[in-house]
Amino acid sequence: MRESRDRIYQVVRKIPRGKVATYGQIATLAGLKGHARQVGYALHDLPAGSALPWHRVINAQGRVSPRAEPSYVGIQHRLLEAEGVEIGRGDRISFKRFGWKPRK
DNA sequence: TGCTTGACATAAT
DNA sequence: CATTATGCCAAGC
């Protein structure tokens, strides 16, 4: 559904620079609680060249979700590092430091 | 209309 | 800490 997708985009756009959020969080904030997968769907449908910070959206394990194209994972890592997000060993990100805390 | 799939999440092993 | 199993819900076919 495009409406849900728009809502997801709206939330993703709110992620501050240098922070990351999980799909579950995005889904909840978008009012689609429990539809974490739809978030991934929406992002997959996201056209390349979009100004949406999709790279700030990761899974609950603190890692970049493996995509069809492995190359994009590296790109995402680079984008995150460029924003000040440190990626530890095993491509892990500390939510303790870089987790986005949205206000209810 | 019904089965399969998926940029997920959480718990168990 | 890595892998597996199960639950979840919507979109594709």
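Residue numbers begin at 1 in each chain, while the letters A, B, ... track the order of the sequences.
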Give A:His35 one of three labels, base, sugar-phosphate or nothing, depending on what nucleic acid heavy atoms sit under 4.0 Å from its own. sugar-phosphate
Item to complete: Classify the nucleic acid contact of A:Arg63 as base, sugar-phosphate or nothing, counting any heavy atom under 4.0 Å across all strands shown.
Response: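 It contacts sugar-phosphate atoms only.
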Testing the basics here: between [X] and [Y], what is the closest heavy-atom pair and its distance to 0.1 Å?
X: A:Val85; Y: A:Gly18; result: CG2-O, 3.5 Å
X: A:Val12; Y: A:Pro53; result: O-CG, 3.5 Å
X: A:Phe95; Y: A:Ala60; result: CE1-O, 4.1 Å

Please report, rounded to the nearest Å, how far the [atom2] atom of [N] is from the [atom1] atom of [X].
X: A:Asp91; N: C:dA2; atom1: CG; atom2: P; result: 10 Å
X: A:Leu80; N: B:dA7; atom1: CG; atom2: P; result: 19 Å
X: A:Gln61; N: B:dT10; atom1: CD; atom2: P; result: 10 Å
X: A:Phe95; N: B:dC8; atom1: CZ; atom2: C1'; result: 12 Å
X: A:Tyr23; N: B:dT10; atom1: OH; atom2: P; result: 14 Å
X: A:Lys33; N: B:dA9; atom1: NZ; atom2: C1'; result: 13 Å
X: A:His44; N: B:dC8; atom1: NE2; atom2: C1'; result: 14 Å
X: A:Gln76; N: B:dA7; atom1: CD; atom2: P; result: 13 Å

Over 12 non-hydrogen atoms of neighbours within 6.0 angstrom of NZ in A:Lys33: no
Heavy atoms from other residues, nucleotides or ligands near OH of A:Tyr72 exceed 12 (cutoff 6.0 Å): no
Could you please spell out the steps behind the side chain to side chain contact (heavy atoms under 4.5 Å, CB included) verdict for A:Leu80 and A:Gln76?
-> CA-CA 6 Å; A:Leu80 288 173; A:Gln76 184 165 358; 4.2 Å; yes
If you restrict it to nitrogen or oxygen atoms, what contacts under 3.5 Å exist between nucleotides 2-6 of chain B and the protein, and what is each distance?
residue, atom, partner, partner atom, Å
B:dG6, N2, A:Gln38, OE1, 3.4

Ionic contact status for A:Glu83 with A:Lys19, cut-off 4.0 Å: no
Q) Of the nucleotides B:dA9, B:dA7, C:dC1, which has the atom closest to the A:Arg67 side chain? A)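 The nucleotide sitting nearest to the side chain is B:dA7.
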task = Nearest-nucleotide wise, let me know which of A:Gly34 and A:Asp45 is further upstream toward the 5' end of DNA chain C.
result =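 Closer to the 5' end of DNA chain C: A:Gly34.
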